[in-house]
Amino acid sequence: MTPEVSPRRARAVLVALSLGAFAFITTELLPVGLLTHIAPDLDRSRSQVGLLVSGYAIVVVLASIPLARLTQRIPRRHLLGVTMLLFAAGNATAALAPTYGVLAGSRLVTALAQALFWSVATAAVTGPFPVAVRGRVVALFAAGATLAPVLGVPLGTWLGQQAGWRVAFAVLAGVGLATAAAVFVLLPSYPPAAGGAARGTAPDGRRFLLLLVATALGIGGFMTLQTYVTPFLLDVSGFGDAMLAPLLFVSGAAGVVGTLTAARTLDRWPIVSLLTPLSIGTASLFGLYALGALRPGAAALLAGIGLGYAAFGSAVQNRMLHLAPGSTDIASAGVSTAFNAGICGGSLLGGALLSTSGARPLAFVGGLLTLTALAVLAVDARRGHAAPAPPGADLGTSPATVGQTARRSG
């Protein structure tokens with residue numbers, strides 16, 4: 001049985017793990033902001049420093065499911081606490097790295113910790129909460145990751161510029177230590193199988209597999225443009241360098257709005273909350289292809305892409321908690337793998353398009369991928385709606401179902 005956890009303690013765990021998500025995503029992306037400082041200090045090219053980000057994502061893709069399987073019997077408090085200690089150690093090593101090789105090795109440790117974190121954190125953070133509000137919890141947990149590009153990376157970049165890039169990584173190591181301490185103090189210790197969110201509420205292997213496929217396609221579509229959004233804004237929209245930071249902030253802020261909006265809808269309408277942001281993102285990508293040369297329109301459409309990307313990510317995590325055919329830790333590892341596969345695939349595709357066709361087709365091809373993901377999910381939702389519902393199936397197709405499930409589990 002899951003141990004009783006007070007609402008105040010459950011909320012404190014949510015804040016601590018959301019801070020952990022914020023720290024991980026900030027660490028993953030920070031070399032991009034500090035590229036011009038790291039490269040000369042370690043006597044490496046900018047492209048070699050850029051590999052610290054793409055290589056990081058590849059490690060997460062390869063390691064998520066194996067690590068989740070290897071650690072599925074370890075109590076979540078111990079596992080997440082040690083994971084945050086590894087995160088702190090990796091960043092401390094990065095801060096002290098005398099060579100590029102040591103820095104790359106520290107990133108490997110941090111990437112392995114991130115692969116494990118995203119495999120188990122969603123179930124750990126939602127388990128203490130009633131089923132009827134877990135969608136909101138997922139979205140609030142994801143807000144930490146959404147805020148990382150908006151606040152974490154700019155702040156880390158500014159700190160690195162003012163005090164040296166090593167200081168930025170040292171501060172992140174401190175955040176990791178604080179989060180580890182909070183996890184050890186606040187998260188109850190119990191066997192993973194006893195967690196309240198250890199199993200999907202409406203397990204369905206076929207639909208879960210389709211969710212993974214749609215996730216990889218959708219994220220790949222967004223990242224086809226977003227990885228190279230700077231040359232698009234400069235070459236197609238005609239913005240100057242000075243406008244890039246404000247435009248990227250607008251996109252990130254829209255992502256925060258999307259995540260917070262999802263927090264209000266995921267529990268009542270989980271499928272609609274999955275399809276709507278993907279629809280907004282698809283329309284915005286095609287709109288940017290058609291109207292990208294019009295600056296006001298480009299700024300608004302860029303915000304739509306940021307909103308759609310962030311809200312879609314929250315909705316996927318929430319849907320995973322419904323459809324997971326077995327352990328939600330393994331299912332979450334699968335979602336993490338699909339996300340990072342989309343990030344890598346979209347980045348590679350965008351790079352190939354940029355070098356052969358220029359920046360404008362990025363939005364169109366990205367829109368085609370998100371449209372395909374939307375079609376996969378829409379057809380699946382229609383089939384699921386038409387099929388007879390087994391007892392206890394699909395949490396969240398209606399508010400009444402949510403309430404009934406919550407009363408049965410209470």
Side-chain angles (χ1 to χ4, degrees), residues 25 28-36 39 45-58 61 146 148-150 153-154 157 216-255 278 281-295 297-310 312-313 339-373:
I25 300 302
E28 181 176 5
L29 300 177
L30 189 56
V32 174
L34 296 176
L35 187 144
T36 56
S45 68
R46 295 181 180 184
S47 61
Q48 286 175 309
V49 176
L51 289 174
L52 296 174
V53 176
S54 56
Y56 191 108
I58 291 172
V61 169
T146 306
V150 183
V153 175
T157 300
L217 287 169
I219 298 301
F222 282 115
M223 293 307 296
T224 298
L225 172 76
Q226 287 188 300
T227 306
Y228 302 98
V229 68
T230 296
F232 186 97
L233 293 173
L234 293 173
D235 299 343
V236 178
S237 302
F239 287 105
D241 288 339
M243 286 299 299
L244 292 179
L247 287 167
L248 294 177
F249 178 81
V250 167
S251 178
L278 200 51
T282 300
S284 297
L285 284 164
F286 284 133
L288 198 61
Y289 173 74
L291 305 173
L294 303 177
R295 294 182 190 177
L301 292 165
L302 190 65
I305 293 168
L307 184 151
Y309 178 81
F312 177 64
F339 257 87
N340 283 278
I343 291 171
C344 291
S347 298
L348 290 172
L349 177 59
L353 286 170
L354 186 64
S355 62
T356 58
S357 306
R360 191 175 177 220
L362 296 172
F364 181 76
V365 174
L368 289 178
L369 288 173
T370 57
L371 180 62
T372 304

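As a basis for the values below, the full set of heavy atoms in this structure was taken, side chains included, without hydrogen atoms, waters or symmetry mates. Note that the structure is a prediction, hence the values are computed from the model and not measured.
With Tyr228 contributing its side chain and Ser347 its backbone, the two residues share a donor-acceptor pair below 3.5 Å. In this structure, the side chain of Arg360 does not engage the main chain of Phe232 through any donor-acceptor pair within 3.5 Å.
Minimum interatomic distance between Pro149 and Pro154 (heavy atoms only, all atoms of both residues): O-CD, 3.2 Å. The two atoms that bring Ser237 and Leu233 nearest to each other are CB-O, 3.4 Å, heavy atoms only. Across Leu225 and Leu288, no two heavy atoms sit closer than the pair CD2-CD2, 3.6 Å. The shortest heavy-atom contact between Ser284 and Ile305 is CB-CG1, 3.5 Å. Closest of all the heavy-atom pairs between Phe239 and Ala298 is CE1-CB, 4.2 Å. Counting all heavy atoms, side chain and backbone alike, Thr146 lies closest to Ala310 at CG2-CB, 3.9 Å.
Between the CG atom of Leu30 and the CD1 atom of Ile25 there is a distance of 12.5 Å, given to the nearest 0.5 Å. Interatomic distance, Leu278 CG to Thr372 OG1, rounded to the nearest 0.5 Å: 10.0 Å. A distance of 4.5 Å separates CG in Leu368 from CZ in Phe286, rounded to the nearest 0.5 Å. From Met243, atom CE reaches atom CG of Leu234 across 11.5 Å, with rounding to the nearest 0.5 Å. Note that CG of Leu302 and CD of Gln226 are 7.5 Å apart. Values are rounded to the nearest 0.5 Å. The structure places CG of Leu301 at 11.0 Å from OG of Ser251, a figure rounded to the nearest 0.5 Å.
The aromatic rings of Phe222 and Phe312 are tilted relative to each other, their planes meeting at an angle between 30° and 60°.
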Exercise for the section: Carefully, step by step, assess Cys344 and Ile58 under the rule side-chain contact (heavy atoms from CB on, under 4.5 Å). Expected result: CA-CA 7 Å; Cys344 291; Ile58 291 172; 3.9 Å; yes
Handout entry: Check against side-chain contact (heavy atoms from CB on, under 4.5 Å), Thr224 and Leu369
Key = CA-CA 9 Å; Thr224 298; Leu369 288 173; 3.8 Å; yes
